[in-house]
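Chain naming here is simple, since letters A, B, ... match the order of the sequence lines and numbering starts at 1 in each. Just so it is clear, the values below take in all heavy atoms, side chains as well, and ignore hydrogens, waters and symmetry mates.
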Amino acid sequence: MNEQPDTTADPQSVGPPADGQLSGSGLAAEKARRLGLVDAMRDAGGNPYPYRFDRSHTLGEMRETWGHLEPGIETADVVTVAGRIMLKRDSGKLVFTTIRDRSGDVQLFISKAVVGDDEFSAIKDLDLGDWVGVAGTVMTTRKGELSVKSDSVVLLSKAIRPMPDKWHGLNDTDTRFRQRYADLIVNENARRNFEIRHETVASFRRTLASKGFIEVETPVLHPEVGGAHARPFTTHHNTLDMELYLRVAVELYLKRLIVGGMERVFEIARTFRNEGTSTRHNPEFTMMELYQAFGDWNEVMDISEELVTTAARDALGTTVVEIRGEQIDLADPWPRKRMIDYASEGTGVELHPSMPIADVRKVAADHDVFVEDRWGAGKIIEELFEKTSESSIVRPTFVTGHPTEISPLARVDRNDPFLTERFEIFVDGRELGNGYSELNDPVEQRARFEDEQAAKEAGDAEAGSVDEDYIRALEYGMPPTGGLGIGIDRLVMLLAGVDSIKEVILFPTLRPEAH
RNA sequence: GCCUCUCUAGCUCAAUGGUAGAGCAGUGGACUUUUAAUCCAUUGGUUCUGGGUUCGAGCCCCAGGGGAGGCACCA
């Protein structure tokens with residue numbers, strides 16, 4: 001940001017590059033110089049932006065095939081490769097450049113004697129950042145560096161803007177997140193994080209497909225907010241003249257599909273919540289939700305462990321990750337512990353949502369936990385859990401048995417009517433996922449919705465309302481079902497070992513750039 | 001929304017309230033096995049913006065903007 005107004009937009013105003021009369025050498029002058037090269041190339045009948053280039057190998061494939069060569073070997077193996085010029089070492093009649101494609105990098109060995117005077121001088125005009133296509137033979141240098149002894153180097157796309165520092169890269173977070181393209185060009189870690197993200201999602205799809213899950217797509221525009229306690233983004237449909245909400249969850253739609261008999265469904269869903277940003281939150285994020293008929297929370301806890309450990313294996317090649325300096329094997333069984341037990345230990349007071357509300361409020365007051373008047377014991381216990389315990393959960397853990405009051409879509413615990421058969425997965429102090437035995441009794445669901453409605457009317461901006469269509473669906477009969485949601489962004493954070501969600505979202509939400 | 005930090009050349013960073021600098025990139029030159037190539041020379045600045053204090057402000061003060069971290073929010 002804060003760069004000068006672009007005064008080089010009109011290439012006609014730019015002189016030839018070698019006249020030595022360019023004013024200054026700031027960004028504008030640098031762009032003018034490069035645009036001058038583009039013009040000169042066109043004047044000479046060349047095309048600085050050709051339509052295509054055929055490769056025989058990616059650079060990674062080259063390294064796989066010839067990476068073992070001893071130093072000082074010249075093969076007769078012909079390759080055509082392409083990449084961006086990342087480094088350039090000019091020693092007179094010999095130029096070394098390092099080009100990089102998605103799969104790796106390789107050195108070009110460019111000799112004036114091989115390519116001829118004219119092409120050699122054209123190659124000297126190439127800049128860091130230019131895309132080039134190369135034909136040549138495979139060789140290694142005396143020091144053993146795998147190289148392409150280049151017969152021809154053609155420009156595939158001229159870079160007009162200089163790359164960030166070739167050694168220090170790009171550190172400024174503002175620029176890194178706004179200009180992710182520049183971040184990806186120079187920061188290996190950025191590329192790695194998004195490869196891990198891809199591998200994670202691909203792994204989920206494979207695991208779920210192997211279990212007979214069907215991937216579905218449900219509406220992003222919802223007429224009602226449901227499936228999570230969250231503030232929605234609102235929008236408006238013009239011709240229908242109606243308010244719509246960007247989804248805060250996909251739960252209620254996926255369970256309609258279970259009613260319809262689809263048995264095992266999942267969706268990898270971009271989800272929107274109108275909340276502040278932080279190292280753990282972005283207003284739009286990605287959740288995987290799945291629902292499985294005929295099972296309960298036990299099945300989906302097992303699936304949770306399998307999905308995450310398999311994703312780690314697929315993305316990292318290991319199930320061991322480092323969290324807060326501790327080596328943790330995600331493949332070890334995840335401990336299970338009730339929320340009320342965490343809260344009880346954390347406060348030193350035995351807590352249960354059946355307790356008199358006054359007693360629970362007193363514990364909250366003793367621990368400086370703010371309490372709204374309308375909150376019941378269950379909600380307060382959750383707040384106490386968050387205050388006393390949440391941040392100290394490091395290894396993946398199922399926190400179970402959430403009070404019924406805070407779980408309007410979860411089925412009541414078969415052994416305790418004040419609790420639900422619900423779990424949240426916590427890792428590194430963050431919530432990673434959430435699942436439960438699904439409430440499928442339409443009468444009870446209506447009663448829970450009505451409690452939500454009451455909370456909403458009492459001022460809870462995140463409470464839901466009665467979703468009549470969802471009740472109607474349940475009235476047709478939903479089989480016993482287990483459901484699960486996993487935050488993809490947070491899982492990728494865990495696997496990539498990064499502390500900010502912005503490191504795993506390509507284009508995180510930012511304020512518009514000031515001009 | 002609140003608090004703290006931060007914003008200087010294309011990039012990475014310096015600069016007691018006293019002439020805005022370096023490295024890389026760029027430009028000119030040397031070099032046929034370099035590896036962030038090296039060596040010599042060299043261009044480049046509205047110090048985020050607007051006010052103020054001061055003989056003098058990149059630096060101090062006020063207001064605004066962007067970003068980061070923390071808090072709040074996030075069942």
Side-chain angles (χ1 to χ4, degrees), chain A residues 1-5 17-34 71-72 86-98 105 107-114 120 127-129 139-145 147 149 160-178 182 186 227-231 248-249 273-283 285 339 370 375 378-379 382-383 385-386 402-403 405-410 420 422 424 430-431 434 452 455 460-464 499-500 502 508 510-515:
Chain A
M1 58 179 297
N2 302 321
E3 76 187 29
Q4 297 308 303
D19 64 4
Q21 298 303 309
L22 292 174
S23 62
S25 59
L27 178 60
E30 176 62 7
K31 288 168 70 177
R33 182 187 68 78
R34 294 184 184 215
M86 302 304 296
L87 295 169
K88 193 174 165 192
R89 297 174 290 279
D90 179 347
S91 60
K93 299 186 179 65
L94 200 53
V95 173
F96 299 89
T97 78
T98 302
D105 56 53
Q107 175 172 273
L108 303 183
F109 178 102
I110 304 164
S111 161
K112 187 173 186 179
V114 172
F120 194 70
D127 286 297
L128 298 185
M139 61 167 281
T140 51
T141 63
R142 288 172 199 166
K143 295 270 175 58
E145 183 74 33
S147 308
K149 187 172 185 181
I160 296 309
R161 186 178 286 266
M163 289 199 298
D165 192 282
K166 67 181 178 183
W167 181 246
H168 299 96
L170 186 60
N171 284 349
D172 182 61
T173 50
D174 189 358
T175 312
R176 286 188 51 230
F177 298 149
R178 263 183 223 292
V186 295
H229 264 182
R231 292 172 197 240
V248 299
R273 295 187 183 176
N274 205 339
E275 291 153 5
T277 63
S278 76
T279 51
R280 296 165 289 278
H281 297 88
N282 196 64
F285 63 102
M339 178 178 281
F370 172 78
W375 290 356
K379 171 66 177 166
E382 183 195 35
E383 294 286 322
F385 158 75
E386 289 179 1
H402 298 54
E405 175 190 350
I406 57 167
S407 311
L409 301 164
T420 57
R422 177 179 174 191
E424 287 182 303
R430 289 189 291 263
E431 180 193 345
N434 181 23
E452 284 284 293
D460 183 346
E462 282 130 26
D499 293 325
S500 169
K502 294 187 178 73
L510 297 174
R511 285 199 167 84
E513 207 164 346
H515 277 296

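When heavy atoms are screened at a 4.0 angstrom cut-off, A:Lys88 is found touching the sugar-phosphate backbone but no base atom. Residue contacts shown for A:Phe177 are limited to sugar-phosphate atoms, with no base heavy atom under 4.0 Å away. Counting non-hydrogen atoms under 4.0 angstrom, A:Lys93 reaches a base of the nucleic acid. As judged by a 4.0 angstrom heavy-atom cut-off over every strand, A:Thr279 is placed among residues touching the sugar-phosphate backbone only. Base engagement by A:Gly227 is indicated by at least one non-hydrogen atom pair under 4.0 Å involving a base atom.
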Using a 3.5 Å limit on both pairing distances, list the dot-bracket string of RNA chain B from the 5' end; Watson-Crick and G-U wobble pairs count, crossing pairs take [ ], interstrand pairs take |. (((((((..((((....[..)))).(((((.......))))).....(((((..]....))))))))))))....
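Taking atom C1' in both B:U54 and B:C60, the straight-line distance is 10 Å, to the nearest Å.
Of the possible donor and acceptor atoms, one in the side chain of A:Arg273 sits under 3.5 Å from a partner among the backbone N and O of A:Val248.
When each of B:C11, B:A36, B:U32 is scored by its nearest atom to the side-chain atoms of A:Leu87, the top-ranked nucleotide is B:A36. In the set B:G23, B:C71, B:U35, B:G23 carries the atom at the smallest distance from any side-chain atom of A:Asp165.
No side-chain heavy atom of A:Lys166 sits under 4.5 Å from any side-chain heavy atom of A:Lys88.
The base of B:U33 has none of its N or O atoms less than 3.5 Å from a complementary donor or acceptor on the side chain of A:Glu145.
Contact annotation: A:Ser500 reaches the phosphate of B:G69 (side-chain N/O to OP1 or OP2, under 4.0 Å).
Positionally, the nearest nucleotide of RNA chain B for A:Lys112 lies more toward the 5' end than for the other of A:Arg231 and A:Lys112.
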